[in-house]
Amino acid sequence: MALRVYNTLTRRDEEFKPLEEGRVRIYVCGITPYDKSHIGHARPSVFWDVVRRYLTYLGYQVTLVQNFTDIEDKLIAKSKETGTPPAEIAEKYAADYLVAMDKLGVQRADAYPRASQVIPEIIEMTKALIAKGYAYESSGDVYFRAEKFKGYGKLSGKKLEELRPGARVEVSDLKESPLDWALWKASPEDEPGWPSPWGRGRPGWHIECSVMVQKYLGTPIDMHGGGTELIFPHHENEIAQSEAYLGKEPYVRYWIHHDMLNLEGEKMSKSLGNVISLDEILRKYDPMAVRLYLLSAHRRKILEFSDELLRSAEKGWERIRNGFSRAQEFLSNPRFGGARDPLNLQREVARCNEEFFKAMDDDFNTPSALASIFDLITAINAHVVTSGGETSDSRGREAVAEAYGTLLRLCGILGLAPVTEKVQDTVDARLVEGVIKLLTEIREKSRKEKDYRTADAIRERLSSLGILLEDTPAGTKWRFIR
RNA sequence: GGCGACAUGGCCAAGCGGUAAGGCGAGGGUCUGCAAAACCCUUAUCCCCGGUUCGAUUCCGGGUGUCGCCUCCA
């Protein structure tokens, strides 16, 4: 088994081999925190979290860095509008973003550098590019000569001749060619700026990533992630300026892009105004269901957004959770007999395990990996007997323990954790549990007396409060529902 | 206009040369006082037309459709 990944640069699946054995260095383009995050922002975060968990599981030491662009036109515009300093706006939304990521179970990156924190390095790199003849100063701006870099267009597959007539590039008298882009821009008095050899100014867009990659990871890095919309011009330019500066290639060994999230067939994006905030989604749906939804399509495919899909994911997540509880319950109660056909269960578990890794090795095929998890759930449900009374069977117990361990491991790689549904406040939690227990006992009594009207009324009332009662041979169980 | 991606059941979504994983939904059955959960069964020939092949959803060519990039964007 070997991990294969699709590399945007070569346009094919390649076997993944890190530069340095046992170590993987990853840089992912983060967000510009100038407004609330939407679900589209959660896709790369969850995807890369899974990559990281998987690589870590495989034994690699993974370093992942993700930037926050805190100097940018929209941020500056918003600052002028509201009178709040750009840095303050950026930090507020960055913090919100991280809180949402925590909810989604995304492990924190090793570093979240801000553009404003790497100004000296940006100036150094810009100076070096000028010295090498790849960049030139023009009225306080510094531009990169796109056409001077011979590999320009290799990532996006664009040719210089095709780009020129396009004429949709920002035209400026300050540039030698419309394809050139700013490494450094002069700042007006009322906008943020830093002193530089070219006067007061601020970095261009692409340069921060080049600098952060070098500063925090060292080149070449193994994987660079980002959305497909960043392939051109952002990543194309990033390669050009970095390789021109470093004087060697590659700058990045595997370019790994994810596709967009669509709303009613159109890309969800702020500029189109068709965004759905992450906050809203996380209020409405179980974060793990959201995670399941985000992993339900391969990273290179467009993911359609709809409430129906989220609801469907929530049902799927419930199924996984129920499978967990079934196995847990069995294992925690030695009275429960065993597995129906332990050998068959073991065989199924082994099969699901194998399929799961095969899927993950195939360019992180999470939808296929999820299918293995669902198969595993079905096997557990079909084999595990939690209807008490029967004598213990060690072989059966072992098979179930193994199934449970596998489920835990596979779900762990995808970051799907069955959170125990305890209420935060312990006093409230105890109260709720006590009251439900009381009601359950009363209902139990009614059922014994065949007073089903009372029993059903209790169940219905609790159900409308979001508490589901289930009568099983082992007694009445309850859980929260939405 | 240039470049590129995709088109699989009611809704999602894997597979990509040997006659279609999985989830949600729907229908039937088992269990249950009834529910719930769960299990079992049923629910597709893969956009169209050509070609290559013993054989194509899977490869090639041509259509049609949808989306993305070429401008800020995860």
Side-chain angles (χ1 to χ4, degrees), chain A residues 11 28-32 34 37-45 47-48 66 69 72-74 97 153 156-159 161-170 205 225-234 236 257-262 265-272 275 292-293 296-298 300-304 306 308-320 322-323 325-326 340 355 359 362 365-375 377-378 380-387 447 450-453 455-456 459-460 463 468-473 476-479 481:
Chain A
R11 271 154 253 248
V28 181
C29 279
I31 59 164
T32 301
Y34 73 98
S37 292
H38 62 253
I39 354 149
H41 293 139
R43 166 119 106 148
S45 315
F47 168 71
W48 283 102
Q66 185 180 116
T69 301
E72 193 263 353
D73 291 351
K74 282 180 198 154
Y97 168 83
S156 57
K158 294 189 188 300
K159 297 184 185 73
E161 311 80 68
E162 283 160 6
L163 285 167
R164 255 185 245 105
R168 292 182 74 174
V169 213
E170 190 187 339
W205 175 33
T228 51
E229 92 280 27
L230 296 180
I231 295 172
F232 190 91
H234 186 233
E236 191 68 67
H257 291 95
H258 63 267
D259 215 322
M260 302 290 100
L261 205 136
N262 279 189
E266 258 192 336
K267 181 173 87 166
M268 188 179 289
S269 87
K270 296 249 173 70
S271 21
L272 290 170
V275 295
L292 187 63
Y293 155 74
S296 73
H298 185 97
R300 288 200 289 123
K301 289 281 185 74
I302 287 169
L303 212 205
E304 181 66 32
S306 75
E308 190 194 350
L309 290 171
L310 263 301
R311 264 181 262 122
S312 153
E314 210 153 49
K315 289 294 203 163
W317 173 236
E318 197 181 333
R319 182 170 162 76
I320 294 175
N322 287 340
S325 329
R326 187 176 299 266
R340 281 184 267 267
E355 302 268 297
D362 178 17
N365 192 336
T366 54
S368 182
L370 281 170
S372 307
I373 287 181
F374 280 109
D375 280 346
I377 295 285
T378 301
I380 289 173
N381 285 334
H383 288 276
V384 177
V385 187
T386 50
S387 49
R447 289 181 68 211
K450 305 242 188 271
D451 176 8
Y452 293 121
R453 287 183 65 166
D456 291 349
R459 187 170 61 196
E460 272 161 38
S463 169
L468 180 78
L469 295 188
E470 289 181 358
D471 298 324
T472 75
T476 299
K477 289 184 269 189
W478 68 272
R479 61 187 159 94
I481 49 169

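Sequence lines set the chain letters: A, B, ... in the order given, protein chains first and strands last, and positions in each chain run from 1.
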Phosphate contact (B:A14 OP1 or OP2) by A:Lys301 side-chain N/O below 4.0 Å = yes

Closest to side chain of [X], choosing from [options]:
X        : options             : result
A:Lys267 : B:A36, B:C34, B:G68 : B:G68
A:Arg447 : B:C34, B:A74, B:A37 : B:C34
A:Asn365 : B:A14, B:G68, B:C70 : B:A14
A:His41  : B:A74, B:C34, B:A38 : B:A74
A:Met260 : B:A74, B:C72, B:G33 : B:A74

If you round to the nearest 0.5 Å, how far is [atom2] of [Y] from [atom1] of [X]?
X        : Y        : atom1 : atom2 : answer
A:His38  : A:Arg43  : NE2   : CZ    : 11.5 Å
A:Asp362 : A:Ser368 : CG    : OG    : 7.5 Å
A:Arg319 : A:Asn381 : CZ    : CG    : 6.0 Å

Go ahead and name the base partner of [N]; Watson-Crick or wobble counts if both distances stay under 3.5 Å, otherwise write none.
N     : answer
B:C67 : B:G4
B:A37 : none
B:C59 : B:G51
B:G9  : none

Can you check whether any acceptor in the base of [N] is under 3.5 Å from a donor in the side chain of [X], or vice versa?
X        : N     : value
A:Asp471 : B:C34 : yes
A:Asp456 : B:G33 : yes
A:Arg43  : B:A74 : no
A:Lys158 : B:C3  : no

Quickly work out the [X] [atom1] to [N] [atom2] distance and round it to whole Å.
X        : N     : atom1 : atom2 : result
A:Lys159 : B:G1  : NZ    : C1'   : 15 Å
A:Glu470 : B:A35 : CD    : P     : 14 Å
A:Phe232 : B:C72 : CZ    : C1'   : 14 Å
A:Arg11  : B:C3  : CZ    : P     : 13 Å
A:Tyr293 : B:C11 : OH    : P     : 17 Å
A:Leu230 : B:U71 : CG    : P     : 14 Å
A:His258 : B:C67 : NE2   : P     : 20 Å
A:Glu304 : B:A7  : CD    : P     : 15 Å

Which part of the nucleic acid does [X] contact within heavy-atom distance under 4.0 Å: base, sugar-phosphate only, or nothing?
X        : answer
A:Gly265 : sugar-phosphate
A:Gly225 : nothing
A:Thr32  : sugar-phosphate
A:Leu469 : base
A:Glu72  : sugar-phosphate
A:Asp451 : nothing

I'd like the [atom1] distance from [M] over to [N], given in whole Å.
N     : M     : atom1 : value
B:C46 : B:G4  : C1'   : 23 Å
B:A44 : B:A37 : C1'   : 29 Å
B:A5  : B:G22 : P     : 30 Å
B:A14 : B:A7  : P     : 9 Å
B:G1  : B:U8  : P     : 26 Å
B:G23 : B:A13 : P     : 16 Å
B:A21 : B:C70 : C1'   : 38 Å
B:C12 : B:C67 : P     : 14 Å

Trace of the side chain to side chain contact (heavy atoms under 4.5 Å, CB included) decision for A:Ile302 with A:Leu261 | CA-CA 6 Å; A:Ile302 287 169; A:Leu261 205 136; over 6 Å; no

I would like to know whether A:Trp317 and A:Lys315 meet side chain to side chain contact (heavy atoms under 4.5 Å, CB included); could you show each step before the answer?
-> CA-CA 5 Å; A:Trp317 173 236; A:Lys315 289 294 203 163; over 6 Å; no

With RNA chain B as reference, determine whether A:Gly157 or A:His38 sits nearer its 5' end, using the nearest nucleotide of each.
->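 The residue whose closest nucleotide sits nearer the 5' end is A:Gly157.
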
Does A:Ile380 offer a backbone N or O that forms a donor-acceptor pair with the side chain of A:Arg326 under 3.5 Å?
-> no

Going by atom types alone, do A:Thr69 and A:Tyr34 pair a side-chain donor with an acceptor below 3.5 Å?
->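 Side-chain D/A pair, A:Thr69 to A:Tyr34: absent.
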
Could I get a table of every N or O pair under 3.5 Å where one atom is in the protein and the other is in nucleotides 21-26 of chain B?
unit_1 : atom_1 : unit_2   : atom_2 : d
B:C24  : O4'    : A:Ser312 : OG     : 3.3

Intermediate values then yes/no, salt bridge (Lys or Arg N to Asp or Glu O under 4.0 Å), A:Glu470 and A:Arg459 | CA-CA 9 Å; A:Glu470 289 181 358; A:Arg459 187 170 61 196; over 6 Å; no

A:Glu229/A:Lys267 salt bridge by N-O under 4.0 Å criterion | no

With sequence neighbours excluded, what pairs up with A:Thr228 under the side-chain contact (heavy atoms from CB on, under 4.5 Å) test?
->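 Partners of A:Thr228 under the side-chain contact (heavy atoms from CB on, under 4.5 Å) test: A:Ile231, A:His257, A:Asp259, A:Met260.
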
